[in-house]
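Below you'll find the structure, written out as structure tokens, and then a few comments.
The figures here come from the full heavy-atom set of this structure, side chains too, leaving out hydrogens, waters and symmetry mates. The shown structure was predicted, so the numbers you read here are calculated from the model rather than taken from an experiment.
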Amino acid sequence: MTVFANLPRLWLQCHLGLCFSVFTVVLCTLLCTGHAQDAVLTIEPSWSSLFFIGEFVTFKCDMNEGKDTDWEYKINKDGQDFFSYRINKDFKLKMRSTGDSGEYQCFGLRMSSRDTKKSNTLSISVLDKSSIYFSSSFITADKPRATLTAGTTIIPVGGSVTLTCSVQSSDGWKYEWFRNLMTYEFPNRDQQNRDIRVYHGGIYSCRGTRGNPVYYTDISDDVIMKETPKFSNLV
């Protein structure tokens, strides 16, 4: 009678054990076949895959499994060894030529078992002045030149004019401004410092900055702003 009374509980325990066994087998299969979590390659800065000669890019290789110290890491470019295996998962590269353009991928080697994993691929493009087809003022000596635009160069009495600084074909820039050849901090600016309102005449220019260490564009062409004479409407 005791055996028959315990049949439902015994069946439940057996059923749960079977489920646990099946889950264990599935999990092991996923891990062993490399489908649990793939390795991931990212870059910093992450705002763009388009860079200029002289900028720095950091590749970060994450195995998504175990500890970072369980693995050695390497980077391939266009299917060939680029950075050899090392224990640091971060790889810093200075873009020295357009030859640094290509497809990058990272690989991990688990030190205990010698198992390997590979990541997604990332495409990087490096530009020089011969790669740009914008105005001739955009690129100088392999560096982009900021562009300064103004709706008008005449500041009305008691008013202001908005100036805009930009760098074509790429993102992630912040901007520095100059008035009469000196660095100038302007009020009422947005976070990127892209647009400013000016109330006084002078010679204005700007440049773009981004990255760490900081990369600077060439300074824009000057824009000369003039104030409307206060009594210009008098006869």
Side-chain angles (χ1 to χ4, degrees), residues 33-111 113-147 165-175 192 194 207-219:
T33 57
H35 296 295
Q37 287 191 40
D38 293 332
V40 175
L41 177 63
T42 56
I43 59 171
E44 289 185 359
S46 60
W47 53 63
S48 175
S49 61
L50 181 63
F51 297 92
F52 295 97
I53 292 174
E55 288 195 275
F56 286 85
V57 176
T58 299
F59 297 93
K60 292 183 173 290
C61 191
D62 194 342
M63 291 296 106
N64 284 324
E65 183 181 340
K67 300 178 180 178
D68 291 346
T69 53
D70 294 338
W71 299 83
E72 291 182 337
Y73 309 85
K74 76 168 184 174
I75 298 287
N76 279 13
K77 175 179 174 288
D78 297 329
Q80 303 295 321
D81 287 348
F82 191 71
F83 287 110
S84 58
Y85 276 114
R86 62 180 68 174
I87 59 174
N88 192 337
K89 70 175 186 177
D90 295 345
F91 300 80
K92 194 166 190 175
L93 173 65
K94 182 178 182 179
M95 298 303 176
R96 300 185 182 277
S97 72
T98 56
D100 289 322
S101 299
E103 300 285 332
Y104 290 84
Q105 187 176 31
C106 79
F107 292 79
L109 175 66
R110 186 186 284 274
M111 289 184 281
S113 64
R114 314 309 290 176
D115 292 337
T116 61
K117 293 179 71 173
K118 64 181 180 179
S119 75
N120 55 298
T121 59
L122 290 178
S123 179
I124 299 293
S125 297
V126 182
L127 299 184
D128 67 3
K129 63 181 178 182
S130 63
S131 304
I132 304 299
Y133 299 96
F134 300 111
S135 65
S136 60
S137 64
F138 175 44
I139 289 289
T140 302
D142 296 331
K143 296 180 70 174
R145 174 173 288 179
T147 300
C165 192
S166 62
V167 179
Q168 297 185 63
S169 81
S170 54
D171 301 316
W173 299 98
K174 294 185 178 181
Y175 298 93
Q192 289 184 323
R194 183 173 185 267
R207 68 179 175 184
T209 72
R210 71 179 186 180
N212 183 21
V214 176
Y215 176 86
Y216 297 95
T217 70
D218 282 344
I219 296 176

What is the distance from atom [atom1] of [X] to atom [atom2] of [Y], rounded to the nearest 0.5 Å?
{"X": "Asp70", "Y": "Glu65", "atom1": "CG", "atom2": "CD", "answer": "8.5 Å"}
{"X": "Cys61", "Y": "Arg86", "atom1": "SG", "atom2": "CZ", "answer": "11.5 Å"}
{"X": "Ile53", "Y": "Met95", "atom1": "CD1", "atom2": "CE", "answer": "10.5 Å"}
{"X": "Leu93", "Y": "Glu55", "atom1": "CG", "atom2": "CD", "answer": "11.5 Å"}
{"X": "Cys106", "Y": "Met63", "atom1": "SG", "atom2": "CE", "answer": "4.5 Å"}
{"X": "Ile43", "Y": "Ile124", "atom1": "CD1", "atom2": "CD1", "answer": "4.0 Å"}

**OP:** Begin from the C-alpha positions of Lys174 and Thr209 and carry the test side chain to side chain contact (heavy atoms under 4.5 Å, CB included) through to its verdict.
**Re:** CA-CA 5 Å; Lys174 294 185 178 181; Thr209 72; 4.0 Å; yes
Which atoms form the tightest heavy-atom contact between [X] and [Y], and what is the distance?
{"X": "Thr69", "Y": "Met111", "answer": "O-CE, 2.7 Å"}
{"X": "Gly208", "Y": "Tyr175", "answer": "CA-CD2, 3.8 Å"}
{"X": "Trp47", "Y": "Gly211", "answer": "CH2-N, 3.3 Å"}
{"X": "Trp71", "Y": "Asp115", "answer": "CZ3-O, 3.9 Å"}
{"X": "Asp218", "Y": "Arg207", "answer": "O-CB, 4.0 Å"}

**OP:** Go through the structure and list residues passing side chain to side chain donor-acceptor pair (under 3.5 Å) with Lys92, not counting sequence neighbours.
**Re:**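 Counting only residues at least two positions away or on another chain, Lys92 forms no side chain to side chain donor-acceptor pair (under 3.5 Å).
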Flag side-chain contact, heavy atom, 4.5 Å: [X] against [Y]:
{"X": "Thr116", "Y": "Phe107", "result": "no"}
{"X": "Val167", "Y": "Arg210", "result": "no"}
{"X": "Pro144", "Y": "Tyr215", "result": "yes"}
{"X": "Ile75", "Y": "Leu41", "result": "yes"}
{"X": "Val40", "Y": "Asn120", "result": "yes"}
{"X": "Gln105", "Y": "Ser119", "result": "yes"}
{"X": "Asn76", "Y": "Asp81", "result": "yes"}
{"X": "Asp68", "Y": "Tyr73", "result": "yes"}

**OP:** Using the ring-ring contact (aromatic ring centres under 6.0 Å, His included) rule, collect all pairs that involve residues 74-94, keeping only residues at least two apart or in two chains.
**Re:**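 As it turns out, the ring-ring contact (aromatic ring centres under 6.0 Å, His included) pairs with a partner in residues 74-94, which skip direct neighbours, are Phe82-Tyr104, Phe83-Phe91.
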Original post:
So with a 6.0 Å cut-off around NZ of Lys118, is the heavy-atom count from everything else above 12?
Top reply: no
Give a yes or no on whether the backbone of [Y] and the side-chain of [X] come within a donor-acceptor separation of less than 3.5 Å.
{"X": "Ser101", "Y": "Val126", "value": "yes"}
{"X": "Trp173", "Y": "Cys165", "value": "no"}
{"X": "Lys77", "Y": "Asp100", "value": "no"}
{"X": "Asn64", "Y": "Asp38", "value": "yes"}

**OP:** Test Leu109 against Arg114 for side chain to side chain contact (heavy atoms under 4.5 Å, CB included), laying out the working first.
**Re:** CA-CA 6 Å; Leu109 175 66; Arg114 314 309 290 176; 3.0 Å; yes
